[in-house]
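Have a look at the structure below, then the notes.
Residue numbers begin at 1 in each chain, while the letters A, B, ... track the order of the sequences.
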Amino acid sequence: MSDYTPQELMVAVASREIHDGDLVFVGMRLPILAYAVARNAHAPSARGLFEVGLMRDQPASGFLGTMGDPPNVSGALWATRMSNTMALMAQGHVDLGFIGGAEVDRYGNLNTSYVGDPASPKVKLPGSGGGADIAILSRRWVTLMSHERRRLVERVSFVTSPGHGDGTPGWRSRMGLLGGGPVAIITTLCTLRFPGGGGEAHVASVHPGHTVDEVIAETGWPLQISDDVSETSAPTDEELTSIRRFDPNGFWTRS
Amino acid sequence: MSDYTPQELMVAVASREIHDGDLVFVGMRLPILAYAVARNAHAPSARGLFEVGLMRDQPASGFLGTMGDPPNVSGALWATRMSNTMALMAQGHVDLGFIGGAEVDRYGNLNTSYVGDPASPKVKLPGSGGGADIAILSRRWVTLMSHERRRLVERVSFVTSPGHGDGTPGWRSRMGLLGGGPVAIITTLCTLRFPGGGGEAHVASVHPGHTVDEVIAETGWPLQISDDVSETSAPTDEELTSIRRFDPNGFWTRS
Amino acid sequence: MSMAEAIERHVPDGSTVAMGCALEALIPFAAGHEMIRQRRRELELVGPISDALFDQLIGAGCVRRVTAAWVGNVSEGLGHSYRRAAEERVPRAIEVHDHSNFSISLALWAAAWNVPSLPTRTLLGSDILRTNPGLVSQDGLVHVTAVRPDVAVVHVQRADEHGRAHAWGPLGITEEAGLAADRIVISCEELVGADVTLSDPNRIQFPETKVVAVVHEPGAAHPSPVQGYFKRDHAFYRQYADRSRTVDVFDAWLEDWVLGVPDRASYMKRIDVDSLRIKQHRPSVPADFGDE
Amino acid sequence: MSMAEAIERHVPDGSTVAMGCALEALIPFAAGHEMIRQRRRELELVGPISDALFDQLIGAGCVRRVTAAWVGNVSEGLGHSYRRAAEERVPRAIEVHDHSNFSISLALWAAAWNVPSLPTRTLLGSDILRTNPGLVSQDGLVHVTAVRPDVAVVHVQRADEHGRAHAWGPLGITEEAGLAADRIVISCEELVGADVTLSDPNRIQFPETKVVAVVHEPGAAHPSPVQGYFKRDHAFYRQYADRSRTVDVFDAWLEDWVLGVPDRASYMKRIDVDSLRIKQHRPSVPADFGDE
């Protein structure tokens with residue numbers, strides 16, 4: 001079963017970011033699977049919070065195309081208003097959030113709004129959704145994206161969801177942002193991490209089958225490589241079994 | 001059945017303040033009966049809103065010691081949070097409110113907080129409850145109280161629920177108060193009314209068996225008597241039947 | 001968990017405690033009486049209107065400050081212990097932070113959303129702005145400072161051992177009080193399984209992550225009403241009004257109904273439960289949560 | 001009332017319309033399609049995230065402004081019509097007032113409570129503050145200007161003819177949208193008697209005084225899910241993504257599924273309803289509203 005897709009690897013890596021006992025603002029797509037994997041492995045008491053207005057302590061039994069699908073409500077611990085889930089996050093009760101990104105820069109700022117001038121954009125992206133809220137209010141967060149030079153850029157042209165801002169230490173607290181900001185960017189090629197207290201992303205581990213040179217080539221800024229850069233551990237059989245149980249047709253991980 | 005108590009008369013008079021189609025912020029005690037009487041007579045489509053978090057289109061079938069009693073929930077059109085009932089009032093959707101008062105002055109300002117210096121009060125009254133909210137936000141309101149010289153005073157020492165303030169025309173709009181303020185004070189002796197746009201209370205009608213002189217003697221300021229002062233119409237048999245149906249043991253109207 | 005243990009653990013001296021948040025219904029009297037028995041001191045009580053419970057805690061000397069819209073006895077009028085404390089500093093002086101019902105709700109929403117204050121159009125022109133430092137008039141609006149209870153104490157119809165509480169009927173400011181509070185203590189008429197609570201997640205009042213204690217205490221809200229379970233005991237409120245008019249009769253009442261009573265079970269033995277119990281059932285029509 | 005009549009009467013050109021307030025579930029597609037058939041113009045659409053519906057209305061040229069946190073296709077990604085309107089002004093230019101999910105909720109609460117704005121700690125450091133004039137940063141907080149919809153269009157599981165609507169499952173910003181709106185148009189899977197709705201007043205979403213129309217329209221939310229009634233039609237969303245990539249294929253899709261379809265009943269005949277219907281029932285445990 002050692003064969004796996006890049007998405008399956010990303011899910012496995014993301015699931016390892018979830019600590020037992022965490023309240024996780026789950027979001028959509030791969031993170032829904034990451035929560036399921038973690039909950040069934042090393043984080044049995046992790047809870048999931050969904051901005052649609054749900055709290056859960058176990059993954060949905062059925063496949064989820066969206067967080068609002070009926071199986072996500074069965075067994076839910078709370079079905080409420082979105083603003084109540086945001087209230088918990090604004091109080092610092094959300095330990096970890098996941099955000100999807102279209103564009104990220106070296107300081108972890110995300111753009112999901114506009115490529116080019118907002119007045120007449122080259123590309124109009126869907127927008128923040130809950131992304132900006134998670135980026136600002138959750139204690140720490142992680143983003144997942146395809147590793148392409150056009151996506152990992154020196155500076156994003158529009159900051160939808162602030163990471164570590166201009167990269168100077170303490171930027172977030174100076175700006176009055178409550179949460180700690182991004183801790184990792186999980187891409188199709190590697191895992192990037194940020195120093196505590198903010199700053200610039202560096203390569204922490206490269207995914208099996210890929211090289212540091214390849215990562216550098218696909219990144220839009222001169223990339224810092226940590227001295228102890230390692231190879232990302234591949235998904236375990238247990239992780240893959242769990243992933244394939246919750247994404248039986250590969251809707252998220254094999255398309 | 002022409003025999004009735006002062007409270008029964010007050011309930012009948014209060015019920016006549018309710019227009020058909022009104023959304024009424026009902027409050028407690030006699031107004032609960034006034035809503036029931038009006039709803040079963042001239043105001044069949046009047047709805048009641050209760051700050052506890054209820055909307056009704058008919059009186060409760062059972063006796064109510066408080067608006068939170070179980071019979072008030074049976075048949076309710078909405079059981080919600082208090083803040084949602086306040087939202088409707090803040091939007092100007094409440095046509096009429098009732099407020100109980102301990103002290104009222106010539107301009108209709110109510111005191112239900114402190115007699116004497118708030119720092120060391122002669123009497124500590126229970127407080128606003130929803131009174132200040134109704135006084136400020138409802139389109140028009142009415143207060144009911146026992147007609148005593150110590151209760152109808154020149155100026156209240158503490159304005160819990162603002163009426164027409166200092167009595168100058170347009171005081172409420174200058175202060176930014178949304179609603180129109182008090183239209184009547186219904187006492188055990190008479191009905192006092194206010195001119196449109198604010199100002200000072202005047203005697204509109206004297207209850208049967210009482211005289212203008214008696215009213216003047218029991219009032220703490222030189223009272224204006226309207227030229228066409230009349231005798232308050234006594235409760236009709238229909239009104240009394242209705243009152244006694246909803247207060248069978250005279251808990252509110254015969255004690 | 002027993003009520004004694006819940007109060008011992010989660011309501012220390014000096015706590016800011018939200019209670020009676022559903023107004024006249026579901027008032028957690030059993031929890032309040034246990035605070036009195038445990039001689040809690042320096043409490044700040046937070047609520048909208050309080051029907052007798054705050055008056056009892058004030059009379060027992062547990063209270064340093066009241067942050068509420070109304071304190072008294074809804075069917076009887078004034079709160080005599082509240083008056084003595086405010087007028088004569090008996091048994092001790094109390095500080096009063098006056099609110100209206102709307103403004104105390106907003107103060108709790110401000111805390112729930114973690115902002116310093118929320119603006120409102122109510123209270124303009126009211127002298128409450130003069131006596132409560134947490135209400136600031138500016139630019140034609142009143143800014144209501146956040147009120148953050150250390151603990152919200154709530155009585156509900158049913159809950160499971162994990163803290164998922166179902167409450168129904170009018171709920172007043174219960175939801176914002178729970179969200180604003182650091183922790184929630186629940187007492188319930190029925191302790192049910194998760195199969196009951198999770199069958200209707202929309203009726204769950206609070207995130208279980210804030211609930212620190214669930215106490216199965218039938219009748220814990222007496223003399224206040226509980227939809228589907230108990231009628232309001234009007235006579236008991238009238239009796240309390242009579243027996244709180246002076247310090248002496250109040251102290252006798254407190255000994256009789258609180259200090260001299262070991263726990264709620266013993267208290268209930270002295271109530272005519274049968275005459276107060278709601279016997280006619282009105283089940284809600286189920287909602288179908290089917291998912292496949 | 002028929003959907004055609006409800007939209008004709010209550011959603012005139014230029015209206016500010018809140019839809020999709022429960023996010024991915026209970027999206028009022030039938031109402032949106034009727035707006036397209038009636039050639040509504042100059043609408044301002046308000047919502048949190050919009051899963052395809054806003055994209056369809058934008059592509060049909062009904063929309064002047066979007067005030068939302070996210071517009072696209074949740075399981076497929078980008079909204080192609082939204083992109084064309086914003087990037088190429090095709091079929092017309094649109095104005096975008098960006099929000100986050102939290103800020104659009106607060107904008108509606110501000111309107112519900114009738115205050116100019118509400119403060120929040122979210123959006124600090126986000127460029128959304130640069131593109132939305134209704135978001136003002138001051139004193140370390142963001143002040144979210146009130147958004148007042150003329151009409152909130154909501155799909156629910158069941159309602160009675162008087163406008164008492166029962167909805168369940170995750171509800172997003174449905175409640176604040178209804179309270180903020182001048183009026184509410186409801187479509188429902190089941191039209192039930194008042195005996196059903198009033199059996200559970202806590203599940204009633206809105207004050208009936210704001211509800212101006214109740215349309216009995218089973219399947220009105222397709223392809224979005226309805227707890228207890230319909231699963232999400234993922235394939236339909238994928239098909240829409242494919243058939244909206246260019247103006248030509250979108251226009252064909254619109255003709256095929258909206259303009260060429262007289263009403264929802266005809267639309268439903270073309271859906272494999274049986275494969276989408278939820279067949280396994282999970283009734284909630286009733287709450288006892290007994291009162292005597």
Side-chain angles (χ1 to χ4, degrees), chain C residues 102 105-106 109-110 113-122 139-144 146 156-158 166-171 189-190 192-193 195-203 205 225-232 276-292, chain D residues 102 105-106 109-110 113-122 139-144 146 156-158 166-171 189-190 192-193 195-203 205 225-232 276-292:
Chain C
F102 195 7
S105 169
L106 292 170
W109 279 120
W113 289 337
N114 193 17
V115 288
S117 67
L118 286 176
T120 179
R121 294 186 192 274
T122 196
D139 310 330
L141 294 168
V142 171
H143 299 269
V144 183
V156 301
Q157 281 92 342
R158 65 190 180 201
H166 278 190
W168 56 91
L171 295 173
E189 292 296 328
E190 293 190 67
V192 297
D195 56 323
V196 174
T197 54
L198 302 192
S199 79
D200 194 351
N202 290 94
R203 211 183 291 279
Q205 287 299 303
V226 179
Q227 199 77 32
Y229 294 79
F230 287 105
K231 292 178 269 191
R232 185 172 186 268
L276 295 171
R277 192 178 299 286
I278 287 173
K279 302 186 179 70
Q280 176 221 66
H281 302 293
R282 294 170 167 263
S284 62
V285 174
D288 185 354
F289 281 83
D291 66 350
E292 60 181 299
Chain D
F102 194 9
S105 168
L106 293 169
W109 279 119
W113 289 336
N114 193 17
V115 288
S117 67
L118 287 176
T120 179
R121 294 188 192 273
T122 197
D139 310 331
L141 294 168
V142 171
H143 299 269
V144 183
V156 302
Q157 281 93 342
R158 65 191 179 202
H166 278 189
W168 55 91
L171 296 173
E189 292 296 327
E190 293 190 67
V192 297
D195 56 322
V196 174
T197 54
L198 302 192
S199 78
D200 194 351
N202 289 95
R203 211 183 290 280
Q205 287 299 306
V226 178
Q227 199 76 32
Y229 294 78
F230 287 104
K231 292 179 270 190
R232 185 173 186 268
L276 295 172
R277 194 179 297 288
I278 287 172
K279 301 186 180 70
Q280 177 221 67
H281 302 293
R282 295 169 167 264
S284 61
V285 174
D288 185 356
F289 282 82
D291 67 350
E292 60 182 298

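The minimum heavy-atom distance between C:Phe289 and D:Gly169, with the atom names listed, is CE2-N, 3.9 Å.
For C:Leu276, no part lies near chain D; criterion is any non-hydrogen pair under 4.5 Å. Neither the backbone nor the side chain of D:Leu198 comes within less than 4.5 Å of any heavy atom of chain C. Contacts of D:His281 with chain C are made by both backbone and side-chain atoms, with heavy-atom separations under 4.5 Å. For a residue to count as touching a neighbouring chain, one of its non-hydrogen atoms must lie under 4.5 Å from one of that chain's; by this rule C:Asn202 touches chain D with the side chain only. For a residue to count as touching a neighbouring chain, one of its non-hydrogen atoms must lie under 4.5 Å from one of that chain's; by this rule D:Leu106 touches chain C with the side chain only. Proximity to chain C is absent for every atom of D:Gln157, based on heavy atoms less than 4.5 angstrom apart. The contact between D:Phe102 and chain C is made entirely by side chain atoms (from C-beta outward), counting heavy-atom distances below 4.5 Å. For a residue to count as touching a neighbouring chain, one of its non-hydrogen atoms must lie under 4.5 Å from one of that chain's; by this rule D:Thr197 does not touch chain C. Contact annotation for D:Pro201: neither backbone nor side-chain heavy atoms come within less than 4.5 Å of a heavy atom of chain C.
A salt bridge does not link C:Arg158 to C:Asp200: none of the charged side-chain nitrogens sits closer than 4.0 Å to a carboxylate oxygen.
For the set D:Glu292, D:Gln227, D:Lys231, the count of heavy-atom pairs under 4.5 angstrom toward chain C peaks at D:Glu292. When each of D:Pro116, D:Ala167, D:Ser199, D:Ser117 is checked for heavy-atom pairs under 4.5 Å with chain C, D:Ser199 comes out on top. Interface remark: of the candidates D:Pro170, D:Pro283, D:Ala110, D:Pro283 forms the most heavy-atom pairs closer than 4.5 Å to chain C. Ranked by non-hydrogen atom pairs under 4.5 Å with chain D, the options C:Pro286, C:Ala287, C:Pro225, C:Pro119 are led by C:Ala287. Between chain D and the residues C:Val226, C:Val285, C:Val196, C:Thr122, the largest count of heavy-atom pairs under 4.5 Å involves C:Val285. Interface remark: of the candidates C:Asp288, C:Val115, C:Val192, C:Leu141, C:Asp288 forms the most heavy-atom pairs closer than 4.5 Å to chain D.
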With side-chain contact (heavy atoms from CB on, under 4.5 Å) as the test, would you mind laying out the steps for C:Tyr229 and C:Arg277 before giving the verdict?
CA-CA 6 Å; C:Tyr229 294 79; C:Arg277 192 178 299 286; 5.8 Å; no
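A search for side chain to side chain donor-acceptor pair (under 3.5 Å) contacts involving D:Trp109 returns D:Glu176, not counting sequence neighbours.
In terms of modelled atom types and a separation under 3.5 Å, the side chain of D:Thr120 and the main chain of D:Val142 share no donor-acceptor contact.
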